[in-house]
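Below: the structure, in structure tokens.
Heads up: numbering here begins at 1 and tracks the sequence. Bear in mind the structure is a predicted one, so any value in this text is a computation, not a measurement.
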Amino acid sequence: GPDHVRIINCTFVNNFGNESGAIYFKEGCYDSKVENCAFVGNSADSGKSAIGGKNTGSIPLNDNWWSSNNPDWSKLIYGAEPSSYAVLNVTTDTPSIAIGSKAKLTYAFYRNGTADMLPIPARPIKLSATGGKLDDDSGNLVNGEFTTEFSADKIGNYEITAKVDNQEIKINITVGHPTEINITNETIDLKAGEVVATGATLSPADAGNLTYTSSNSSVAVVENGMIKGLRQGVANITVSFAGDDKYIAAENKTIAVSVSLADAGVTVNNDTLNLKIDDTFAINATTSPEGLNVTYVQDDSGVYSVDENGVVTALTNGTGSILVKVGGDGVYAENSTTVTVTVSLKDASVSVNNDTLNLKIDDTFVINATTSPEGLNVTYVPDESGVYSVDENGVVTALTNG
């Protein structure tokens, strides 16, 4: 054949040949092109069912489509795999319709099974249904697409079959009674822990049960038809009805839920503590509502320490304060009260075996000091008279008359 062969916008249907069913390139067709052509139901005794011959592995095969030829690509085209093959697809605007309503059906050829529609030459399409009515049951896929509508006046599941060339595709449409979801309020405000009715109903009431889905289940959920606020935030509650063999699915409705912090309070048994060093005291905190977690926040005074249970230990002389807190956790609003802690020195006393000593010069006497509490350190401080000396152990030595 010639060096330059251009085959464009052609359709090859149900052809048969010895070497190739549709096109056969003789040796020498080095600069040829096959573009925007349709190959349907072609076959060959030997060789390739669509395109055969020499040098076809280097011939561009652009925007062609292949339908119901040999599914084995090695037996379809000599030396190459097709860049595009047509797959019949069907979509609908709704899989279920009410009696008397219509479902739109769109048939199209897509490239390689993707959503990229093929602009193929017009192909005849034939539809049939198990019942109901098709507005158009035959026609042509123009630019790869064909649209019709289906309706029925009886409840049931209907199957529609479409055929193009040797491809066949089925789709199911459910026909039933219409349903509708009604909601009282599109927006609901509540506090964490609060429970309110959804206000959603299904018409007809005996059609079935509503389903609720929360966009943020950590903020709000629905339990037994009641919306429960869990923590501060927003969530959308989607109300839906899936339908069944008798009733079709209802259009979803949405309830916008805003959850705010719940109120919280805390009181203590003593808001003023007067302690001596080493004393301990357990703060008894009562929360509203009951059972909230209480946090005890220590200041920087160093006067005391307080643990997670509210047990205060006096450490040194001085004054400090403890912040007793509840809430602030995304569920309850923060609230607090203050406990003032004043720490004073511990009481101590000392007594001696003799509070009057009559000594002669060079005499010694050991003062025996008893402390309360026992074991306290005792310090002996002499005056400036020079009459005596006393050491750290309470040993008195008489030095001079006086």
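Evaluation of the side chain to side chain donor-acceptor pair (under 3.5 Å) test over residues 178-191, restricted to residues two or more places apart or in two chains, returns K191-D263. Among residues at least two apart or in separate chains, there is no ring pair (Phe, Tyr, Trp, His ring centres under 6.0 Å) pair with a member in residues 364-395. Within the structure, ring pair (Phe, Tyr, Trp, His ring centres under 6.0 Å) contacts touching residues 214-266 (residues at least two apart or in different chains) are H177-Y247. Residue pairs that meet the side chain to side chain donor-acceptor pair (under 3.5 Å) test with at least one member in residues 126-136, sequence neighbours left out, are K102-D135. Residue pairs meeting the side chain to side chain donor-acceptor pair (under 3.5 Å) criterion with at least one member in residues 281-294, sequence neighbours excluded, do not occur. Residue pairs meeting the ring pair (Phe, Tyr, Trp, His ring centres under 6.0 Å) criterion with at least one member in residues 200-230: none, sequence neighbours excluded. Judged as a side chain to side chain donor-acceptor pair (under 3.5 Å), not a single pair has a partner in residues 329-341 (not counting sequence neighbours).
Inter-residue side-chain proximity for V294 and I283 is flagged as unmet; no heavy-atom pair is nearer than 4.5 Å.
The closest donor-acceptor contact from the side chain of S214 to the backbone of A220 lies under 3.5 Å. At least one donor-acceptor pair closer than 3.5 Å links the side chain of S20 to the backbone N or O of I23. No donor-acceptor pair closer than 3.5 Å links the side chain of N270 to the backbone N or O of L273. Not one N or O on the side chain of Q232 forms a donor-acceptor pair closer than 3.5 Å with the backbone of V259. The main-chain N or O of V395 is never found under 3.5 Å from a side-chain atom of N393 such that the two would form a donor-acceptor pair. Side-chain atoms of N224 do not come within 3.5 Å of backbone N or O of M226 as any donor-acceptor pair.
Contacts of K163 classified as salt bridge (charged side-chain N to carboxylate O under 4.0 Å, His left out), with partners at least two apart in sequence or in another chain: E168. Remark: D300 pairs with no residue by the salt bridge (charged side-chain N to carboxylate O under 4.0 Å, His left out) rule, at least two apart or across chains. For K360, the salt bridge (charged side-chain N to carboxylate O under 4.0 Å, His left out) criterion is met by no residue, not counting sequence neighbours. With sequence neighbours excluded, no residue satisfies ring-ring contact (aromatic ring centres under 6.0 Å, His included) with Y296. Residues passing the side-chain hydrogen bond (donor to acceptor under 3.5 Å, both in side chains) test with S301 are D299, sequence neighbours excluded.
Side-chain contact check for T174 and N157: at least one donor-acceptor pair (N or O, by modelled atom type) lies under 3.5 Å.
Counting heavy atoms of neighbouring residues, nucleotides and ligands inside a 6.0 Å radius, atom NZ of K228 does not exceed 12 of them. For D362, the CG atom counts as loosely surrounded, since its 6.0 Å shell holds 12 or fewer non-hydrogen atoms of other residues, nucleotides or ligands. Taking a 6.0 Å sphere around CD of E251, one finds it holds 12 or fewer heavy atoms contributed by other residues, nucleotides or ligands.
Across all their heavy atoms, T94 and I173 have their closest contact at O-CD1, 3.8 Å. Between A197 and I188, the closest heavy-atom pair is O-CD1, 4.1 Å. Between K104 and T106, the closest heavy-atom pair is CE-OG1, 4.0 Å. Residues I125 and L141 approach most closely at CB-CD1, 3.4 Å, considering heavy atoms. Looking at every heavy atom in both residues, A285 comes nearest to V324 through CB-CG1, 4.3 Å. Looking at every heavy atom in both residues, I97 comes nearest to S151 through CD1-CA, 4.2 Å.
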